[in-house]
Amino acid sequence: MAEKYDYLIVGAGLYGATFAHLAHRRGKRCLVIDKRPHTGGNIYCEEIAGINVHKYGAHIFHTSDKEVWDFVNSIVPFNRYTNSPVAVAPDGKLYNLPFNMNTFYQMWGVKTPAEAQAKLDEQRREAVEKMKSEGITEPRNLEEQALMLIGTDIYEQLIKGYTEKQWGRKCTDLPADIIRRLPVRLTFDNNYFNDAYQGIPIGGYNRLIDGLLEDIEVRLNCDYFDHRAELDPIARTIVYTGPIDRYFDYKFGSLEYRTVSFETEILPTPNYQGNAVVNYTSADVPYTRIIEHKHFEALLQPEVYANPQTVISREYSTEWRPGMEPFYPVTDSKNTTRYTQYRDLREAIPANPDGSPRVIFGGRLAEYKYYDMAPIVAQVLKMFK
Ligand code: UDP
């Protein structure tokens, strides 16, 4: 074989690093490149004031897939951090998330599941009747979905402002499925995720990435598109994890993304907000949430509270413009249609003469899909089976 590598992996994020790890374990020759000065993609952490700061936003690993959980824990042990965000609402009060008995008690003073259920039914009635009278059977947008799921008060206090800030679009213009990932529970349980396993790598996410990429050749500050002519011939297969529209030179126009930016500050207090994640659900507060990073690690390392300082990040959500890091795909109908055109181009790329794929597209940007971390790992594990 003439090529120096079996795989050129474009992007050292979770998809690329997991792929490289599994390929390397099977004796394949891998080169991983990334245009950023560090590996890890958006799970990269930067140490500030002795604290692992989630530089591209809070990442909490959660899955019900034991194989995925065992795999990541074989690279680095995880703690049992449980995500339970608190929301500061427009009415000035604090509410527990996701929507559960604590939230309902705080919102309406209801104390039992039966009382909460009655209140929820009353809250939903108006929306459900309005939709019925208009002959609508399925919610057509996020607002209708939220009103049917949880009713007016919670929609107004905890959903509308946050969602419109996060997506920069009206709830009536957003797809209903965004909100379906939020559980509604009639128990006093603030755990945001329904999964069997959840946690943060002990020592931070960089340990996970470093473990995955151990003994693998990595080139940083290397933009694939600046070196494509030299890079393409050196590997049999390209594993591309960047934006799919960029790969095809924006032939059908660019896809839209949301970007988040962070205002990170060191504060002279050991504990600023008492929780890792506090959402600000009012439209009047410009940021969507404040992350206080030390709480992710505190569970098995209580000494983090002996650190007299803390690091917080205010998270702002904006529309993506060229030159920014894309974060969330915007899965409305316009973008979905455009993505389909790119997907057809991708599928038309001929395989290598030996039948192996010439290019594999994977991950959030290449598949234009809102992925959590665990499904990415699951997908790569499955591919190697
Ligand atoms: N959401 C909300 N209020 C909140 C938190 C979440 O309305 O306080 C809704 C919102 O529509 C958001 C979706 O739930 O787009 C998913 O939010 P999550 O914070 O889980 O997304 P992440 O950015 O963490 O992936």
Side-chain angles (χ1 to χ4, degrees), residues 14 41-43 54 56-63 81-91 93-100 102-103 106-107 139 141-185 190-195 198 200 257-262 273 275-285 287-291 296 313-320 325-332 364-365 369-376:
L14 188 59
N42 283 0
I43 67 176
H54 294 213
Y56 302 94
H59 282 81
I60 299 132
F61 200 98
H62 57 97
T63 184
Y81 175 82
T82 302
N83 190 30
S84 40
V86 168
V88 179
D91 66 11
K93 284 168 53 183
L94 296 183
Y95 292 93
N96 286 112
L97 294 174
F99 311 126
N100 73 85
N102 290 305
T103 328
Q106 290 148 352
M107 183 74 66
N141 55 53
L142 195 149
E143 178 171 290
E144 288 179 358
Q145 176 69 62
L147 291 171
M148 283 186 75
L149 198 71
I150 203 84
T152 314
D153 289 351
I154 288 184
Y155 174 65
E156 295 291 340
Q157 288 299 324
L158 300 177
I159 298 175
K160 190 170 189 290
Y162 183 91
T163 305
E164 293 188 347
K165 278 193 288 191
Q166 186 177 16
W167 295 98
R169 286 158 178 76
K170 297 272 156 225
C171 285
T172 45
D173 293 332
L174 284 166
D177 61 315
I178 291 179
I179 199 90
R180 276 188 211 125
R181 81 187 228 136
L182 291 190
V184 177
R185 296 195 192 109
N190 298 327
N191 181 354
Y192 201 66
F193 300 118
N194 281 323
D195 284 316
Q198 179 173 183
I200 306 276
Y257 301 88
R258 291 295 287 172
T259 290
V260 279
S261 58
F262 302 92
Q273 63 183 14
N275 206 28
V277 184
V278 177
N279 291 357
Y280 286 79
T281 58
S282 164
D284 297 334
V285 178
Y287 40 85
T288 49
R289 49 191 167 190
I290 299 182
I291 309 299
F296 289 126
S313 300
R314 290 183 199 86
E315 181 172 331
Y316 297 85
S317 184
T318 53
E319 198 68 13
W320 175 85
E325 289 294 344
F327 277 72
Y328 297 99
V330 179
T331 50
D332 59 11
R364 186 170 39 95
L365 300 175
K369 193 171 165 202
Y370 184 179
Y371 270 121
D372 289 330
M373 291 178 281
I376 290 287

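Numbering of ligands and ligand atoms starts at 1, following listing order.
Residue contact check: Trp167 has heavy atoms under 4.0 Å from atoms 15 (O) of ligand 1. Against a heavy-atom cut-off of under 4.0 Å, Thr281 is close to the following atoms of ligand 1: 8 (O). The atoms of ligand 1 that sit less than 4.0 Å from any heavy atom of Ile179 are 9 (C), 11 (O).
Annotation: atom 14 (O) of ligand 1 to nearest protein heavy atom, Leu182 CD1, 3.4 Å. For atom 8 (O) of ligand 1, the closest non-hydrogen atom on the protein side is Asn279 ND2, 2.9 Å. Nearest protein heavy-atom contact of atom 21 (O) of ligand 1 is Tyr370 OH, 3.0 Å. In this structure, the protein non-hydrogen atom closest to atom 16 (C) of ligand 1 is Arg181 NE, 3.8 Å. Of the protein's non-hydrogen atoms, Tyr192 OH, 3.5 Å is the one closest to atom 18 (P) of ligand 1. Atom 6 (C) of ligand 1 has Tyr162 CE2, 3.5 Å as its closest protein atom, hydrogens excluded (heavy atom only). Given atom 3 (N) of ligand 1, the protein heavy atom at minimum distance is Leu158 O, 2.8 Å. Of the protein's non-hydrogen atoms, Thr163 OG1, 3.2 Å is the one closest to atom 10 (C) of ligand 1.
Checked by atom type, the side-chain pair Glu325/Asn42 shows no donor-acceptor distance below 3.5 Å. Side-chain contact annotation: Asn96 with Gln106, donor-acceptor N/O pair under 3.5 Å present. Side-chain atoms of Arg180 and Gln145 form a donor-acceptor pair, as typed in the model, at a separation below 3.5 Å.
Applying the 6.0 Å contact sphere to NZ of Lys369 captures no more than 12 heavy atoms from other residues, nucleotides or ligands.
For atom 12 (C) of ligand 1, the nearest non-hydrogen atom from the set Gln166, Arg289, Arg180, Gln157 comes from Gln166.
Proximity of Ile159 to ligand 1, defined as any heavy-atom pair under 4.0 Å, is shared by backbone and side chain alike. When non-hydrogen atoms are compared, ligand 1 lies under 4.0 Å from the side chain of Leu97 (C-beta onward) but not from its backbone.
The minimum heavy-atom distance between Tyr192 and Pro183, with the atom names listed, is O-CG, 3.5 Å.
The aromatic rings of Tyr257 and Trp320 sit perpendicular, their planes meeting at an angle over 60°, well past the 30° parallel limit. Ring geometry for Tyr316 versus Tyr287: interplanar angle over 60°, hence perpendicular rather than tilted (30 to 60°).
Judged by distance alone, with hydrogens and angles left aside, the side-chain atoms of Ser313 form no donor-acceptor pair with the main-chain N or O of Ile291 at under 3.5 Å.
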* Apply side chain to side chain donor-acceptor pair (under 3.5 Å) to the pair Arg169 and Asn141, showing each step before the final yes or no. => CA-CA 12 Å; Arg169 286 158 178 76; Asn141 55 53; over 6 Å; no

